[in-house]
2 protein chains.
Amino acid sequence: MNTRRTTIKDVAEAAGVGVATVSRVLSGGSASPETRERVLAVATQLDYRPSALGRNLRQQRSGGIGLLVPDITDSFYGRLADGVLACARAAGEPVILGTTGDDAEREAEQIGMLLEQGVGRVVAVPAGDAEIWAPTLRTGLTTVFAHRSAAGHDDVPAVLADDRSGVRTAVDYLTGLGHRRIAYLGGPGQEQRVAVFRQALGALVDEELIVFARGSRDSAYAAAAGLFQHRPDLTAVLAGGNLLGEAAVLAARELDLRVPKDLSMIMFDDVPWAELCSPPLTVIAQPAQDIGYRAAELVLREGGRRPRGVLLPTELVVRGSCGPRRTP
Amino acid sequence: MNTRRTTIKDVAEAAGVGVATVSRVLSGGSASPETRERVLAVATQLDYRPSALGRNLRQQRSGGIGLLVPDITDSFYGRLADGVLACARAAGEPVILGTTGDDAEREAEQIGMLLEQGVGRVVAVPAGDAEIWAPTLRTGLTTVFAHRSAAGHDDVPAVLADDRSGVRTAVDYLTGLGHRRIAYLGGPGQEQRVAVFRQALGALVDEELIVFARGSRDSAYAAAAGLFQHRPDLTAVLAGGNLLGEAAVLAARELDLRVPKDLSMIMFDDVPWAELCSPPLTVIAQPAQDIGYRAAELVLREGGRRPRGVLLPTELVVRGSCGPRRTP
DNA sequence: AAACATGATGGAATCGTTTCCATGAACACG
DNA sequence: CGTGTTCATGGAAACGATTCCATCATGTTT
């Protein structure tokens with residue numbers, strides 16, 4: 001219990017060399033074969049593990065990577081986090097997780113904490129816009145955005161799902177089924193998607209059918225129920241995330257709208273329960289895990305390079321929640 | 001870009017005091033009112049934020065708390081993590097997240113990394129048993145187990161849901177509906193639950209009806225499908241987690257077993273989609289978020305005290321997946 | 001008034017690592 | 001044989017905070 005950790009000094013002493021030599025051997029510097037062998041042997045025998053504390057202080061950064069997501073409870077961000085963790089584990093780096101609740105202020109607070117911890121690399125699903133991120137980027141924090149990018153920060157590499165194509169596919173599918181009054185049920189930070197939605201819909205666009213919820217379940221349900229009640233003439237809805245989709249299913253059921261007879265539904269993000277639902281939900285699948293993995297990859301090889309972002313494909317998975325427009 | 005962080009030395013210089021005084025003021029030590037005021041003023045003016053790196057090295061621990069869960073993708077652990085994050089945020093501590101995949105070896109690897117990072121406190125859903133944890137506990141790592149405890153480590157405080165009561169309630173409910181052949185579909189680390197299951201079932205227990213899956217979705221599905229095919233005479237099943245429940249619903253559907261007519265189902269852990277399912281699933285709700293929060297609380301006030309663990313209540317939420325035993 | 005208690009204060013040591021620099025040996029080349 | 005080059009090596013200086021300890025001033029008690 002009272003045994004101090006074995007330090008590099010202990011190893012040096014036991015091996016009969018200086019601490020500098022031990023450090024060199026352990027971090028791949030130059031050393032004569034016999035010294036290297038001896039040091040390595042002693043190190044394993046003493047079960048020496050270099051303390052990250054000392055190293056971090058010396059080189060002014062804590063190695064680890066920060067991960068900022070709106071809500072770890074959301075299946076999508078859970079998978080994204082899993083991808084980041086997988087990549088970080090392969091690189092032997094720890095991951096510091098923080099949630100922002102899609103709130104710019106809370107996000108700033110979390111960034112502050114990461115900075116305080118000496119974290120030099122962060123993967124973030126940004127909540128705030130350029131004003132929030134500009135100062136922190138200037139501190140030299142290597143940043144990669146995931147899932148969405150911050151307005152006015154096209155210089156920050158971002159790993160995104162191909163929303164543009166996803167929305168187009170969904171809209172095409174729905175219009176192809178005869179739908180004309182198509183709603184979009186959106187969440188925070190989906191401005192770009194909505195822009196594509198408007199563009200894809202062309203003359204059919206109806207601003208009243210575009211509603212936004214905040215991050216919470218309650219807010220999503222309120223938005224969905226309000227939409228359905230206010231505009232009973234709509235025949236199809238595109239939900240911008242699994243939380244929104246869940247709310248839409250719930251609200252539709254509450255209002256006795258039959259899916260897909262009265263209402264066709266497409267949900268962004270494929271989740272396991274989409275298949276369990278009745279009817280099973282037609283979705284736009286997003287490679288959440290890959291997004292996380294790739295983002296972590298990018299942030300880890302910070303080698304001065306400014307890599308352009310990555311765009312990952314989405315996929316329309318047709319199940320049973322879309323049908324032809326009901327004929328009045 | 002090339003501006004060094006402001007250090008405590010800068011503040012001391014600007015305020016015309018020694019670094020010791022600055023440190024004292026900032027960490028609540030004694031100082032004269034006027035000095036305190038001056039130092040505080042200078043600190044805010046210079047936007048000084050103490051570097052965790054220096055502090056950590058000095059006091060040989062990194063403050064933050066480690067969190068080890070089997071799978072962050074699983075809704076239950078997502079909520080648990082959320083609880084830990086909420087508590088940690090309130091305390092201003094960072095959280096280092098690692099996943100174990102319910103694998104003892106991987107768990108040991110993650111513990112090693114935490115130790116290397118100087119993390120002195122960890123909340124864990126243990127995968128390994130006494131042999132794995134004993135050595136790490138001896139290193140002085142303050143540990144609190146969450147959701148389940150490790151065999152042979154009753155001395156480690158644990159925050160658990162009241163499985164015993166949950167299983168009893170579920171079994172009573174099912175037997176009350178007339179069921180006699182009741183299966184348990186279990187996951188990793190559910191030995192204790194199964195013991196209670198056996199006990200509650202008494203003479204009705206049938207070992208063939210107790211099957212285990214590993215952590216993955218595939219494994220869960222295989223276990224469920226195997227069980228249903230091998231023993232078509234069972235009339236009720238208790239799934240030991242949302243992943244198992246999902247698998248059971250899927251397998252039942254695949255085999256054309258109607259729920260609840262042919263098969264009654266109860267699932268451990270209430271998840272949003274349980275209500276969306278058809279029929280909606282009857283569940284034993286567990287306060288996952290609270291478990292995380294309470295565990296973090298315990299691990300944070302490590303004040304030498306050895307608090308006994310905490311047992312949080314579960315709740316039977318009756319929906320539509322259980323019915324009277326089918327009469328042959 | 002002398003002795004003593006109290007409290008604020010700053011210098012310096014400390015934590016464990018990396019890295020700069022000087023030293024000395026070995027070796028090659030003219 | 002002398003000079004220059006390469007290479008392994010260890011001492012010591014960072015890194016930025018906390019904290020021990022000595023110092024000095026002030027106030028209190030006899």
Side-chain angles (χ1 to χ4, degrees), chain A residues 2-40 42-43 46-64 92 113 115-120 139-140, chain B residues 2-40 42-43 46-64 92 94 115-120 139-140:
Chain A
N2 216 346
T3 66
R4 225 178 66 275
R5 274 182 72 118
T6 67
T7 77
I8 198 174
K9 213 170 166 185
D10 302 325
V11 178
E13 221 163 287
V17 297
V19 289
T21 305
V22 177
S23 174
R24 261 189 303 258
V25 167
L26 261 35
S27 43
S30 70
S32 77
E34 56 263 32
T35 337
R36 146 162 289 121
E37 199 184 345
R38 188 148 37 98
V39 169
L40 253 32
V42 171
L46 261 56
D47 190 32
Y48 168 67
R49 318 209 19 148
S51 152
L53 268 41
R55 173 178 358 176
N56 291 346
L57 176 57
R58 173 60 220 236
Q59 45 202 35
Q60 302 278 67
R61 46 182 214 105
S62 95
M113 181 206 283
L115 249 19
E116 196 168 318
Q117 298 296 322
V119 171
T139 66
Chain B
N2 216 347
T3 66
R4 225 178 66 273
R5 275 182 71 117
T6 66
T7 77
I8 198 175
K9 213 171 164 184
D10 302 326
V11 178
E13 220 163 287
V17 298
V19 289
T21 305
V22 177
S23 174
R24 261 190 303 260
V25 167
L26 260 36
S27 43
S30 69
S32 77
E34 57 263 32
T35 332
R36 147 161 289 122
E37 200 185 347
R38 188 149 37 97
V39 168
L40 251 33
V42 170
L46 260 56
D47 190 31
Y48 168 67
R49 316 204 26 142
S51 152
L53 269 40
R55 173 178 355 169
N56 291 346
L57 176 56
R58 170 61 218 237
Q59 45 201 37
Q60 302 277 64
R61 46 179 216 106
S62 96
L115 249 19
E116 195 168 320
Q117 298 295 324
V119 171
T139 66

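Being a predicted model, the structure only gives us computed values, none of them experimental. Naming: A, B, ... by sequence-line order, numbering from 1 per chain. In what follows, every heavy atom counts, from backbone to side chain, and hydrogens, waters and symmetry copies are set aside.
- Residue B:Leu53 is out of contact with every strand shown, counting any heavy-atom pair closer than 4.0 Å.
- Of the candidates D:dA8, C:dG16, D:dT18, the closest approach to any side-chain atom of B:Arg58 belongs to D:dT18.
- Atom pair B:Arg38:CZ and C:dA8:P shows a separation of 14 Å (rounding to whole Å applied).
- We find that CZ of A:Arg36 is positioned 14 Å from P of D:dG10, with the value rounded to whole Å.
- Between the base of D:dG10 and the side chain of A:Arg24 there is a donor-acceptor pair shorter than 3.5 Å.
- Using a 4.0 Å heavy-atom cutoff across all strands shown, A:Gly18 reaches sugar-phosphate atoms only and no base atom.
- Distances from the side chain of B:Ala20 to the nucleotides C:dG11, C:dT9, D:dA17 place C:dG11 closest.
- Side-chain N/O atoms of A:Gln59 include none lying less than 4.0 angstrom from OP1 or OP2 on C:dT17.
- Residue-level contact check: A:Ser27 touches neither bases nor backbone, having no heavy atom under 4.0 Å from any strand.
- Of all nucleotides listed (C:dC15, D:dG11, D:dA17), D:dA17 comes nearest to the side chain of B:Ser51.
- OP1 and OP2 of D:dA8 both lie 4.0 Å or more from every side-chain N or O belonging to A:Ser32.
- For C:dT19, the OP1/OP2 oxygens have no side-chain nitrogen or oxygen of A:Ser23 closer than 4.0 Å.
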